[in-house]
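Read through the structure below, which is laid out as structure tokens, and then see the notes.
This structure is a prediction, so every number in the text was calculated from the model and none was measured. Within every chain, numbering begins at 1; the chains are lettered A, B, ... in the order of the sequence lines, protein sequences first and strands thereafter. Values reported hereafter were calculated over all heavy atoms of this structure, with side chains retained and with hydrogens, waters and symmetry mates removed.
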2 protein chains.
Amino acid sequence: MRDFSRSLPMSLLRAREAVMRQFRPSLREHGLTEQQWRILRALAAIEAAEVTELARTAFLLGPSLSRILRDLEARNLIERKTAKADQRRSMVSISKEGVKLMASVAPTSEAIYAEITSRFGARKLAELQEMLGELEQSLAGLGAGNEASAEE
Amino acid sequence: MRDFSRSLPMSLLRAREAVMRQFRPSLREHGLTEQQWRILRALAAIEAAEVTELARTAFLLGPSLSRILRDLEARNLIERKTAKADQRRSMVSISKEGVKLMASVAPTSEAIYAEITSRFGARKLAELQEMLGELEQSLAGLGAGNEASAEE
DNA sequence: GGGAGATACTTAACATGTTAAGTGAATGCG
DNA sequence: CGCATTCACTTAACATGTTAAGTATCTCCC
């Protein structure tokens, strides 16, 4: 079996960790986790979103998102109100405080991203992201849902 | 600010998830998590390893590894004995049962890896891994340890 | 219009990620 | 030697990942 430290999953894991290691300290100073930051960024780009939509955008599973939204709401960084037309759905939006917090984190975050881009090279970065997208595409619909095949 | 869904961390996260989604069901059938599998694979390649060394190889943090080793030991998939020369260190090795379990998982795992390679293309896969390695290298020693700079 | 099934979300339970603190053993140096 | 420091690992505490189950609401079709 292939040396597992050279496997694709490990390569991806190490690369992502190398990147996130740059951001975590700054986020931490502002009392935010990586996932909370993802949610705020996702919300900042839109007026409001349903929870399911937000989960897709921020790439979080429902249960994780539920917990995080509960906490962010308690910290008054987001707001929530149930949709009129469908009582099951709730519309989530970023609060003024949330916007303010984002504004205080964004400069450092941008600077870090710029540094990474500079070190790795903008062109290579674009290439890498292109390949990552293709990888994702090439695996789409493989083991995704319960494709009609086996038990159940 | 850049559309965060197109940011490098998100690209890496989505790509890795697309890959891991393929493996998890099979591992799950054998009662293994991704991390437990990493540890077994790392141990299978060597005689024995210290915990710290294993953490580096399997790319796990100490606390996670401590817990997982405790559980794997309880399931008799690994063995542990303290080093004679240094009572602080413990040598970890895979057990016979562990080897047997690996043998039962490996074929499916190999098949999945082959399918991924085939779908994405072996050459592109090699290129991708090359780029991921370069990314990691270009960020090495940036925000890594407490580089002599700030507080403390 | 009413009940079975689908939907949107939440809770629960367990495993890991992450940082800080704790514990016992080794080391170095005065 | 003695003891402060370092080292290897473990525990603790809290946040998220992951799957299964639960709850309320809505839809659709008879």
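Contacts with DNA chain D (heavy atom under 4.0 Å) in residues 66-84 of chain A: Arg67(A), Ile68(A), listed by number. Applying a 4.0 Å cut-off to non-hydrogen atoms, the residues of residues 53-64 of chain A that approach DNA chain D are Leu60(A), Leu61(A), Pro63(A), Ser64(A), listed by residue number.
Note on Glu29(A) versus Arg24(A): no salt bridge recorded, every NZ/NE/NH1/NH2 to OD/OE distance being 4.0 Å or above. For the pair Glu53(B) and Arg89(B), the salt-bridge criterion is not met [side-chain N within less than 4.0 Å of a carboxylate O]. Under the 4.0 Å criterion applied to side-chain N and carboxylate O atoms, Arg123(A) and Glu127(A) are not assigned as salt-bridge partners.
Between Gln36(A) and Arg88(B), the residue whose closest nucleotide on DNA chain D is further toward the 5' end is Arg88(B). If you find the closest nucleotide of DNA chain C to Met91(A) and to Gln35(B), the one lying nearer the 5' end belongs to Met91(A). Of the two residues contacting DNA chain D, namely Asp86(A) and Arg38(A), the nearest-nucleotide position lying further toward the 5' end is that of Arg38(A).
Taking the side chain as every heavy atom from C-beta outward, Glu97(B) and Glu79(B) never approach each other to under 4.5 Å. Annotation: side chain of Ile116(A) is not in contact with side chain of Arg119(A) (no heavy-atom distance under 4.5 Å).
In this structure, Arg41(A) and Asp3(B) approach most closely via the heavy-atom pair NH2-C, 4.4 Å. Among all heavy-atom pairs drawn from Lys84(A) and Gln87(A), the shortest one is O-OE1, 3.9 Å.
The salt bridge (charged side-chain N to carboxylate O under 4.0 Å, His left out) test applied to Arg88(A) returns Asp86(A), not counting sequence neighbours. Among residues two or more places apart in sequence or in another chain, the side-chain contact (heavy atoms from CB on, under 4.5 Å) test is passed with Gln129(A) by Tyr113(A), Leu125(A), Leu8(B), Ser11(B). Scanning for side-chain contact (heavy atoms from CB on, under 4.5 Å) contacts around Arg67(A) gives Ser64(A), Arg70(A), with sequence neighbours left out.
Think of the region where chain A sits on DNA chain D: with heavy atoms and a 4.0 Å cut, that region ends 5' and 3' at dA15(D) to dC26(D).
At whole-Å resolution of the value, CD in Gln87(A) and C1' in dA8(C) are 12 Å apart.
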